[in-house]
Amino acid sequence: MTQSMMHCIAQALTILAGFSGLVESADEALWPLQSFKSSSVQTPFMNVTKMGQTEPGYLFFTPHDVPRETGHPVIYSDDGELVWQGKSGNYSALQPQMLNDEPVIAYWSGYSGEGFGFGAITILNSSYDEIHRVTLDCKKEGFVTVFDPLELDSCIDIHESQLTDNGTILVTAVNVTQADLSAVGGPKNGWVQDALVYEIDLVTNDIVFRWSTHGNSDQVSITNTRAPLEGSGGNKSDPYGYPHLNAVYRYGDSYLVSSRYMCSLFFIDSDGMVKWHLHGRTGGDFQLGLGTSFCYQHDARFVSQSEERVTISLHNNENTGFTGHTSLTTGIVLDVELQGSKQVTLKSRMWDAAEPVFAQSQGSYQSLGNGHSLQNHGATPKIEEYDENGAIVMRARFGYDNSMQTYRTYRYPWVGRPATKPAAMACSNDDGKTVVYVSWNGASDVQAWTVRSGSAVEKTAVRNGFETKIMIEGLDNSDSIVVEAVGGVGDGMASDPVTVGQC
Ligand SMILES: *[C@@H]1O[C@H](CO)[C@@H](O)[C@H](O)[C@H]1NC(C)=O
Ligand SMILES: *[C@@H]1O[C@H](CO)[C@@H](O)[C@H](O)[C@H]1NC(C)=O
Ligand SMILES: *[C@@H]1O[C@H](CO)[C@@H](O)[C@H](O)[C@H]1NC(C)=O
Ligand SMILES: *[C@@H]1O[C@H](CO)[C@@H](O)[C@H](O)[C@H]1NC(C)=O
Ligand SMILES: *[C@@H]1O[C@H](CO)[C@@H](O)[C@H](O)[C@H]1NC(C)=O
Ligand SMILES: *[C@@H]1O[C@H](CO)[C@@H](O)[C@H](O)[C@H]1NC(C)=O
């Protein structure tokens, strides 16, 4: 991510320069963060506008603050309030999902490169405890990375973390390998980023399925790509990143695989044979109907599937770093006839007509209940929800374009059961009142907070966002209080005792 980060910082400085009359220091051009008294957590302010009813559930994403060089996994509620923030690092492919009938969070973390990475997948339960760490052994798989001779223990790429019903997970990986690039005007002894699909057992880390794009170049030709060579591919430090796989899902014994730079979806069977190829510009095995063209897509998933037809939803980014960003980014749903006419028909297309987005990279598009859908715009840090008629019902921004980003965002129901205690702070005011601050990182359903001093209840106040502020009279400096959660799964859980004091 280093080069794009520098690009983004340069862009942030350009914006700043344009505002030089108004802005005094570089810091003031940074997107505002929320900070709290009872917690050291700092999180992007989220500007939510609602125009209608949204579907239930929280927003799960991984804001990465480019100028501040920090990222976190987070959960927000629809009112723009933080519910949970995990520790800082490089995060991607965060996805809330079910595992053995329990809701869990899966995410990638590790070493980010230029549009790809090397790391591991962590799976947390609703107490935010790690229950699995999924790795792909770089050495056993013979992986070559651009960071060689850097020692890495796991070579899972940043793009996917999809659980199956069989105790396995689908991920992607990038291996640097030699390839003949003469078909795309490069050297015969060239180097590429081969993109692979892996299915890995969650408990043993055993590899259940492996598929390599380059290893199947007889079926998936390198000439499908739209990524310019631009002098890359000459050595192993600068391999040509031609496929860029970014989404995988298993249906039955087959895998739906999305290649961003080939503008293609491949449906691959368990023997690695490509059963069909949908190309977003040329159709591939299909006939593209009106308005069904797509390119540089993300997050392709079947909405429904039968022998005759699949319905596919995807985030149609339409832009990349090498195309510039002037094309409208939309979420689309396509009907694809697998037999007979092989026709592709547009079912729906969603975008925010009042504030259209032309995002440079990343994104996700999730089908929700009641015909709603949730779109995230990656390098443009905006989340949108549309209703069944395509009307926008929510717009949420949490950063400036290209300086804050999240690869994906999903809406999901969640009951957080933090293993920690609520955190409190009690500050005495000059006017003899005490202000109690209380928060509980990860708790989603606390209804109210009760402040106790000894056995006496001083006050019960309705919970108000991530941190609730409670004014109390009659306490003295050095009195000890505890704050107790009321309602929800953590009902009755109390903070450690805190002493009223100056703060
Ligand atoms: C929030 O976003 C709306 C547009 O969607 C804008 O009009 C408003 O100024 C923003 N508010 C803040 C505080 O940024
Ligand atoms: C995040 O990725 C960068 C490279 O872009 C790397 O320098 C850094 O060490 C990574 N951080 C962690 C916590 O792995
Ligand atoms: C989460 O996992 C931890 C560690 O295995 C366990 O102690 C805890 O009970 C689990 N929480 C839930 C809600 O399952
Ligand atoms: C996955 O599990 C289902 C039952 O949940 C079973 O029918 C199916 O054969 C399994 N698939 C694989 C590839 O193991
Ligand atoms: C990765 O690439 C190297 C050559 O650069 C090769 O030896 C190795 O087998 C590849 N690994 C996989 C899993 O394809
Ligand atoms: C690899 O190729 C790039 C050009 O694509 C060049 O800038 C770089 O110096 C080369 N590195 C090595 C180690 O030869």
Side-chain angles (χ1 to χ4, degrees), residues 33-46 56-61 63 72-88 96 102-105 124-131 412-429 433-503:
L33 302 178
Q34 302 179 54
S35 49
F36 307 97
K37 291 274 192 200
S38 57
S39 170
S40 59
V41 155
Q42 282 198 314
T43 192
F45 160 73
M46 176 135 86
Y58 295 91
L59 300 169
F60 292 68
F61 58 111
H72 300 89
V74 298
I75 306 174
Y76 276 64
S77 55
D78 263 22
D79 52 6
E81 287 287 343
L82 182 73
V83 172
W84 172 71
Q85 184 183 70
K87 50 183 199 292
S88 78
E102 296 285 343
V104 297
I105 302 172
L124 305 181
N125 67 11
S126 59
S127 301
Y128 310 96
D129 285 325
E130 179 179 310
I131 53 170
Y412 208 70
W414 186 254
V415 178
R417 303 160 188 269
T420 56
K421 292 177 180 179
M425 190 164 196
C427 306
S428 58
N429 266 357
K433 288 182 183 156
T434 302
V435 190
V436 175
Y437 299 88
V438 60
S439 61
W440 196 4
N441 191 13
S444 56
D445 60 358
V446 174
Q447 300 300 307
W449 294 104
T450 291
V451 181
R452 293 182 192 278
S453 172
S455 57
V457 171
E458 300 295 336
K459 193 166 185 178
T460 294
V462 171
R463 176 182 184 272
N464 182 13
F466 182 80
E467 182 175 74
T468 302
K469 190 175 162 184
I470 307 163
M471 300 287 282
I472 294 183
E473 290 183 53
L475 287 176
D476 294 320
N477 260 347
S478 76
D479 277 355
S480 178
I481 59 146
V482 298
V483 189
E484 205 175 278
V486 180
V489 293
D491 185 53
M493 276 288 285
S495 69
D496 283 329
V498 295
T499 306
V500 177
Q502 298 297 325
C503 39

#### Entry: Residue pair P497 / S480: nearest heavy atoms and the distance that separates them
CB-OG, 3.6 Å

### Message
The criterion is side chain to side chain donor-acceptor pair (under 3.5 Å); which residues satisfy it with E81, sequence neighbours excluded?
### Response
none

Under 3.5 Å, which donor-acceptor pairs do the side chains of residues 434-441 form with other protein atoms, sequence neighbours left out?
residue, atom, partner, partner atom, Å
S439, OG, S38, OG, 2.8
W440, NE1, T420, O, 3.0
N441, OD1, Q85, N, 2.9
N441, ND2, Q85, O, 2.9

### Task
Nearest 0.5 Å please: distance from the NZ atom of K459 over to the CE atom of M471.
7.5 Å

### Message
Taking the ring of W414 and the ring of F60, is the distance between their centroids below 6.0 Å?
### Response
yes

Validation: residues 481-495 side-chain donor-acceptor distances under 3.5 Å, sequence neighbours left out:
residue, atom, partner, partner atom, Å
E484, OE1, R452, NE, 2.9
E484, OE2, R452, NH2, 3.3
D491, OD1, G487, N, 2.6
S495, OG, V483, N, 3.0

### Message
Less than 4.5 Å apart, side chain to side chain, heavy atoms only: is that true for H72 and V41?
### Response
no

### Query
CD1/I75 to OH/Y412 distance, rounded to the nearest 0.5 angstrom?
12.0 Å

### Query
Just how far is it from atom CG of N125 to atom CD of E102, taken to the nearest 0.5 Å?
8.0 Å

### Query
Looking just at side-chain N and O atoms, do S127 and D129 make a donor-acceptor pair shorter than 3.5 Å?
no

### Query
Below 4.5 Å, heavy atoms only, C-beta onward: do N477 and Q502 meet side chain to side chain?
yes

### Query
Can you check whether C503 reaches K37 side chain to side chain, under 4.5 Å on heavy atoms?
no

### Message
Could you work out, with side chain to side chain donor-acceptor pair (under 3.5 Å) as the rule, every residue matching T460, not counting sequence neighbours?
### Response
T450

### Query
Can you name the side chain to side chain donor-acceptor pair (under 3.5 Å) partners of D479, sequence neighbours left out?
none

### Query
In Å and rounded to the nearest 0.5 Å, what is the NZ to CD1 distance from K433 to I470?
15.0 Å

### Query
Heavy atoms, side chains only, cut-off 4.5 Å: are S126 and V415 in contact?
no

### Message
Can a donor-acceptor pair be found, under 3.5 Å and without considering hydrogens, that links the side chain of Y128 to the backbone of G442?
### Response
yes

### Message
Applying ring pair (Phe, Tyr, Trp, His ring centres under 6.0 Å) as the test, list every pair that has at least one member in residues 443-470; sequence neighbours left out.
### Response
F36-F466

### Message
Using a 3.5 Å distance criterion without hydrogens, assess whether the side chain of T43 forms a donor-acceptor pair with backbone atoms of Q34.
### Response
no

### Task
Please examine the side chains of I105 and P73, heavy atoms only from C-beta on, and report whether any two atoms are closer than 4.5 Å.
no

